Amino acid sequence: MKEKMTASFQTYEQACSQCIDTMYHIAYVALADERIAEEIVTKVCVSGVHKCNKKDAEAIMFRLFSDLYRRCRRKLWLHKPATQPLPPLLQMLTNHDRLILAIYFLSGLSQDNVSRIVGVSEEKLETEVR
């Protein structure tokens, strides 16, 4: 089972600062494009600052990564990534499967929160990532 990320922040801005590298890696694995990954992470960080007034670290993390997932998913509909920069095993997966795996293993969210973000049951998520 994966480890849960320990959150040491209280505001959305602090969460963005602490998680920006992780968000970039998730977006890059899904999209295989540095420029688009940077663009999406920037939009996630900027768009949530005024909308997220929660003080609970877990709720802030859920908000960050669910917004990242939605933006990456939308971009996958519009952009066909070239997978050459990715390792061969990742190249064999569909774009959406790479996004789910990246969220699952890199975000540090609980399995319940990841299943809520990607819209599948915990059992199905566990089966898909194995």
Side-chain angles (χ1 to χ4, degrees):
M1 185 148 238
K2 66 189 185 86
E3 290 182 27
K4 189 174 178 183
M5 182 183 285
T6 56
S8 60
F9 50 82
Q10 294 181 344
T11 66
Y12 190 85
E13 294 90 347
Q14 291 170 337
C16 286
S17 176
Q18 185 175 348
C19 300
I20 198 160
D21 289 338
T22 302
M23 291 188 298
Y24 172 79
H25 286 111
I26 291 170
Y28 182 77
V29 165
L31 299 162
D33 187 308
E34 293 175 17
R35 184 187 57 77
I36 293 174
E38 288 174 7
E39 177 185 307
I40 286 175
V41 171
T42 301
K43 287 180 180 179
V44 167
C45 291
V46 171
S47 71
V49 169
H50 302 293
K51 296 176 187 174
C52 188
N53 57 3
K54 302 187 183 318
K55 298 291 183 199
D56 175 31
E58 190 171 338
I60 293 171
M61 292 286 290
F62 181 82
R63 169 71 188 227
L64 265 176
F65 288 105
S66 63
D67 191 18
L68 179 70
Y69 174 80
R70 282 192 315 275
R71 288 177 185 274
C72 285
R73 181 86 193 254
R74 190 175 320 131
K75 194 57 110 173
L76 286 172
W77 282 101
L78 302 172
H79 172 75
K80 174 91 170 130
T83 58
Q84 288 82 16
L86 297 175
L89 288 175
L90 287 177
Q91 290 179 24
M92 295 183 337
L93 298 173
T94 67
N95 300 333
H96 187 244
D97 287 345
R98 282 198 317 271
L99 177 57
I100 290 173
L101 279 174
I103 291 279
Y104 183 82
F105 286 108
L106 298 176
S107 71
L109 294 173
S110 68
Q111 189 170 332
D112 174 52
N113 282 337
V114 173
S115 68
R116 287 177 40 211
I117 289 171
V118 300
V120 298
S121 69
E122 284 186 60
E123 295 79 24
K124 184 172 181 182
L125 179 66
E126 184 70 30
T127 304
E128 288 185 11
V129 297
R130 298 276 173 205

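Note that the coordinates shown come from a computational prediction; the quantities given were computed from them, not determined experimentally.
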* Asked: Can you name the closest pair of heavy atoms from His96 and Leu76 and give their distance?
  ->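 Between these two residues, the closest heavy atoms are N-CD1, 4.1 Å.
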* To do: Search all heavy atoms of Met61 against all heavy atoms of Ser107 and return the closest pair with its distance.
  =>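 So the minimum-distance heavy-atom pair works out to CE-O, 3.6 Å.
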With a 4.5 Å cut-off on side-chain heavy atoms, are [Y] and [X] touching?
| X | Y | result |
| --- | --- | --- |
| Asp112 | Ser115 | yes |
| Lys75 | Asp33 | no |
| Val118 | Tyr104 | no |

* In chain order, what residues pass the salt bridge (Lys or Arg N to Asp or Glu O under 4.0 Å) check against Glu34, with sequence neighbours excluded? ->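 Per chain and number, Glu34 pairs via salt bridge (Lys or Arg N to Asp or Glu O under 4.0 Å) with no residue.
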* Sequence neighbours excluded, which residues qualify as salt bridge (Lys or Arg N to Asp or Glu O under 4.0 Å) partners of Arg73? ->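 None.
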* To do: Applying side-chain hydrogen bond (donor to acceptor under 3.5 Å, both in side chains), name anything that partners Ser121, two or more places apart in sequence or on another chain.
  =>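 With neighbours one apart ignored, the set is empty.
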Out of curiosity, [X] [atom1] to [Y] [atom2], how far, rounded to the nearest 0.5 Å?
| X | Y | atom1 | atom2 | value |
| --- | --- | --- | --- | --- |
| Arg98 | Leu89 | CZ | CG | 12.0 Å |
| Leu64 | Ile117 | CG | CD1 | 9.5 Å |
| Cys72 | Ile100 | SG | CD1 | 12.0 Å |
| Ile40 | Arg70 | CD1 | CZ | 12.5 Å |
| Ile36 | Arg71 | CD1 | CZ | 14.0 Å |
| Ile103 | Tyr69 | CD1 | OH | 8.0 Å |

* Asked: Quick one: does Ser17's side chain have a donor or acceptor within less than 3.5 Å of a partner on Glu13's backbone?
  ->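 Side chain of Ser17 to backbone of Glu13, a donor-acceptor pair under 3.5 Å: no, none is there.
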* Asked: Are Leu101 and Met92 connected, step by step, through hydrophobic side chains (Ile, Leu, Val, Met, Phe, Trp, Tyr) whose heavy atoms are closer than 4.5 Å?
  ->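 Different hydrophobic clusters.
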Output a table of donor-acceptor pairs, distance under 3.5 Å, between side-chain atoms of residues 23-31 and any protein atom two or more places apart or on a different chain; print 'none' if there are none.
unit_1: His25; atom_1: ND1; unit_2: Asp21; atom_2: O; d: 2.7

* Step by step, would you call Asp67 with Arg63 a salt bridge (charged side-chain N to carboxylate O under 4.0 Å, His left out)? -> CA-CA 6 Å; Asp67 191 18; Arg63 169 71 188 227; 5.3 Å; no
